[in-house]
Amino acid sequence: MKSFHEQMADYLTKHNLLESGDRVLLGCSGGIDSMVLLHYLKSQEKALEIRVEAIHVNHMLRGEESAADRLFTEQVCRLWEIPCHSSDIPIPAILKTVGGNKQQVCRVERYKYFAEIMEQTGATKLVTAHHADDQLETILMSGLRGTLQSGSFGMPAIRPFEGGMLIRPLLAVTKQEIADYAETFNIPYREDSSNAENTYTRNRIRKNVVPELKKENADVSKQFVELSDSLQEDQNFLMELAQEKLELLVSTDEHGTVLSAERFRSHASALQKRMVLLLLNYLYGSEQVIVTRQLAEQVQDMMQSSSGTVFLHLPQHYRMIRQYDRVLFSRRDSEAVSEEFHSSITDEWTGAVKNFRYKLLPVQQLREQEDAIAWYFSESAEPQLQIRSRLPGDRIHLSGMAHSKKVARLMIDEKVPAPLRKGWPVITDSNGEVLLVPGLRPSRHISRSRRPQDNWVLMEQKCEDRESEL
């Protein structure tokens with residue numbers, strides 16, 4: 001069996017993760033994974049001809065404990081003669097001001113700071129301490145959420161980041177091998193108490209699922225890393241091929257993006273799926289829109305015929321029109337944008353609306369996940385929730401108010417710009433009453449805390465950049 005150092009060297013070479021002259025910035029939490037990686041890279045600094053620096057973020061979520069993590073990281077870096085960049089980011093205050101999912105806000109703010117320091121220092125590589133067990137957990141989580149079909153099978157060993165590259169060399173080894181290294185070299189580290197909380201899906205998988213898999217095969221984590229590497233290579237090849245084919249199919253005119261349904265159908269289904277994803281990503285550009293599996297399948301299905309005329313309304317006021325063989329993707333004009341829209345909310349995620357998406361579940365089927373929040377409510381029968389455009393007479397009964405309030409007045413009070421008010425969505429219950437104004441306020445009939453009578457839950461997920469879930 002190869003040693004820790006041999007496995008790391010092989011993985012670095014296989015994926016060409018580090019090059020002579022690289023200035024390396026390592027995200028260091030103070031935990032065992034990042035401290036072991038920091039020690040290893042520092043020990044290899046001369047052999048690899050690189051320069052290693054650490055970067056630490058205190059999210060200020062655990063009071064004195066997280067402040068001590070920062071102090072500990074800075075002290076060890078001084079002892080090991082490693083430059084350390086650190087910052088306190090007030091996540092609780094940010095959440096109080098703008099809301100959102102805690103884990104996602106932490107990630108966004110953390111990587112924003114990473115990018116800032118990379119630019120300041122001229123670092124070429126950002127290093128994170130994700131290991132083989134993390135890869136296994138990530139793939140299992142994606143399978144549970146139904147997001148594997150997006151093509152990103154786990155975390156890549158290397159990907160572009162802020163003019164440099166983000167790399168994950170510890171994918172070569174398991175958590176146990178990291179622990180063994182820490183014991184051998186007497187590596188100091190701190191434990192994050194939140195890692196033991198069962199409220200997070202990842203923690204439950206780590207504690208309950210992964211140990212059972214390792215009973216069946218002790219090397220399951222490394223085998224999933226190898227599988228991920230192989231599938232990512234296949235995916236990259238297919239995406240490059242799909243890009244080449246799509247460029248030959250697509251043209252633009254004064255109306256929008258145009259292609260032939262017949263020529264699209266001439267390609268294999270595997271390429272069709274990827275061409276749809278590329279097409280929609282190109283269509284939306286920098287707009288924050290999550291392309292769901294259902295949306296991609298609808299677009300692909302519409303191009304399986306060249307007879308008649310069919311329409312498909314897409315998120316963010318785009319539309320697809322297939323008129324016989326000609327397919328047009330375009331942004332709807334102001335008149336079309338003002339048209340009413342409505343969609344049922346089911347047990348599948350909706351498309352993104354105002355940077356949120358929703359699904360409906362009975363309370364007993366709820367499984368908390370760190371990237372979504374739950375709104376609880378009660379109905380005697382199966383709810384018929386709708387997400388639709390706001391109508392002039394819409395009112396919402398807010399908690400603590402004796403009378404209902406016009407949604408239009410609410411948007412004025414919440415300082416929503418006038419051009420955005422007309423197309424703002426609302427979520428209504430089976431009786432047509434407004435339950436929630438996405439991104440603004442809930443009604444008194446729905447609550448973030450479960451009450452005794454509540455038997456249904458509306459899941460809400462903020463649509464951020466989801467290239468990596470870590």
Side-chain angles (χ1 to χ4, degrees), residues 147 149-152 160 235-236 238-306 309-343 348-358 387 389 419-420 422-425 438 461-468:
T147 56
Q149 74 280 348
S150 66
S152 181
Q235 168 69 357
N236 291 338
L238 288 171
M239 289 299 285
E240 289 174 5
L241 185 58
Q243 181 71 51
E244 292 176 7
K245 301 298 184 184
L246 187 64
E247 289 175 358
L248 297 175
L249 290 180
V250 170
S251 62
T252 57
D253 61 19
E254 68 274 16
H255 302 295
T257 302
V258 182
L259 71 154
S260 159
E262 181 180 5
R263 292 184 64 196
F264 177 87
R265 292 195 304 274
S266 69
H267 296 289
S269 178
L271 289 181
Q272 290 183 24
K273 293 175 183 178
R274 288 163 174 81
M275 285 193 287
V276 167
L277 292 174
L278 290 168
L279 189 59
L280 292 174
N281 287 331
Y282 168 77
L283 190 69
Y284 291 116
S286 61
E287 295 183 62
Q288 290 185 347
V289 176
I290 289 182
V291 178
T292 65
R293 178 186 60 190
Q294 291 79 12
L295 176 61
E297 288 177 348
Q298 279 183 297
V299 171
Q300 185 178 355
D301 288 344
M302 280 183 60
M303 289 199 261
Q304 301 311 306
S305 172
S306 294
T309 300
V310 290
F311 294 80
L312 176 64
H313 289 296
L314 303 172
Q316 301 294 87
H317 310 309
Y318 283 87
R319 64 181 173 184
M320 171 187 178
I321 305 173
R322 182 183 57 73
Q323 190 169 26
Y324 298 101
D325 185 56
R326 183 177 186 269
V327 181
L328 171 69
F329 292 86
S330 65
R331 191 173 181 88
R332 286 173 277 162
D333 57 28
S334 58
E335 181 180 350
V337 168
S338 67
E339 294 174 356
E340 294 181 17
F341 69 89
H342 64 85
S343 178
E348 296 278 353
W349 287 111
T350 66
V353 179
K354 293 298 174 189
N355 292 334
F356 292 93
R357 61 177 186 164
Y358 299 87
I387 183 165
S389 53
L420 299 180
K422 196 168 188 179
W424 204 279
Q461 189 177 68
K462 189 169 178 60
C463 303
E464 300 283 1
D465 176 12
R466 300 171 64 86
E467 181 177 13
S468 170

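What you see below is based on every heavy atom in this structure, not just the backbone, and it leaves out hydrogens, waters and symmetry mates. Given the structure is predicted, the values throughout are model-derived calculations rather than measurements.
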Any side-chain donor paired with an acceptor under 3.5 Å for R274 and Q235? yes
N236: side chain to side chain contact (heavy atoms under 4.5 Å, CB included) partners, not counting sequence neighbours: none
Nearest-0.5 Å distance that lies between atom CD in Q323 and atom CG in L328: 9.5 Å
What one should report as the nearest heavy-atom pair of Y358 and P438 is OH-CB, 3.2 Å
Tell me the closest heavy-atom pair linking A296 and V276, and the distance in Å. O-CG1, 3.7 Å
Supply the atom-to-atom distance M275 CE to H267 NE2, rounded to the nearest 0.5 angstrom. 5.0 Å
Check the pair T257, Y282 against side chain to side chain contact (heavy atoms under 4.5 Å, CB included), reporting the backbone distance first and the verdict last. CA-CA 10 Å; T257 302; Y282 168 77; 3.9 Å; yes
Contact summary for A261 and R322, nearest pair of heavy atoms: CB-CD, 4.0 Å
Is there a side-chain contact between Y318 and L280, using heavy atoms and a 4.5 Å cut-off? no
For D325 against S306, the heavy-atom pair lying closest together: OD1-OG, 3.1 Å
So if I apply the side-chain contact (heavy atoms from CB on, under 4.5 Å) rule between L314 and each of M320, R319, R331, which one comes out positive? M320
Mind listing the side-chain donor-acceptor pairs of residues 248-256 below 3.5 Å, one per line with the distance, residues two or more places apart or on another chain?
unit_1: D253; atom_1: OD1; unit_2: H255; atom_2: N; d: 2.8
unit_1: D253; atom_1: OD1; unit_2: G256; atom_2: N; d: 3.1
unit_1: D253; atom_1: OD2; unit_2: R326; atom_2: NH2; d: 2.9

Taking atom CD of Q304 as the centre, does the number of heavy atoms from other residues, nucleotides or ligands within less than 6.0 Å exceed 12? yes
Identify the heavy atoms of L238 and L271 that sit nearest to each other, and give their distance. O-CD2, 3.8 Å
Residues passing the salt bridge (charged side-chain N to carboxylate O under 4.0 Å, His left out) test with E348, sequence neighbours excluded, are R293
Could you tell me which non-hydrogen atom of M303 sits nearest to which non-hydrogen atom of R265, and how far apart they are? O-CG, 2.9 Å
Got a second to check how far M302's CE is from F311's CZ, nearest 0.5 Å? 9.0 Å
Measure the shortest side-chain to side-chain distance between L279 and F329 over non-hydrogen atoms and say whether it is less than 4.5 angstrom. yes
Separation of I387 CD1 from R357 CZ (nearest 0.5 Å): 12.5 Å
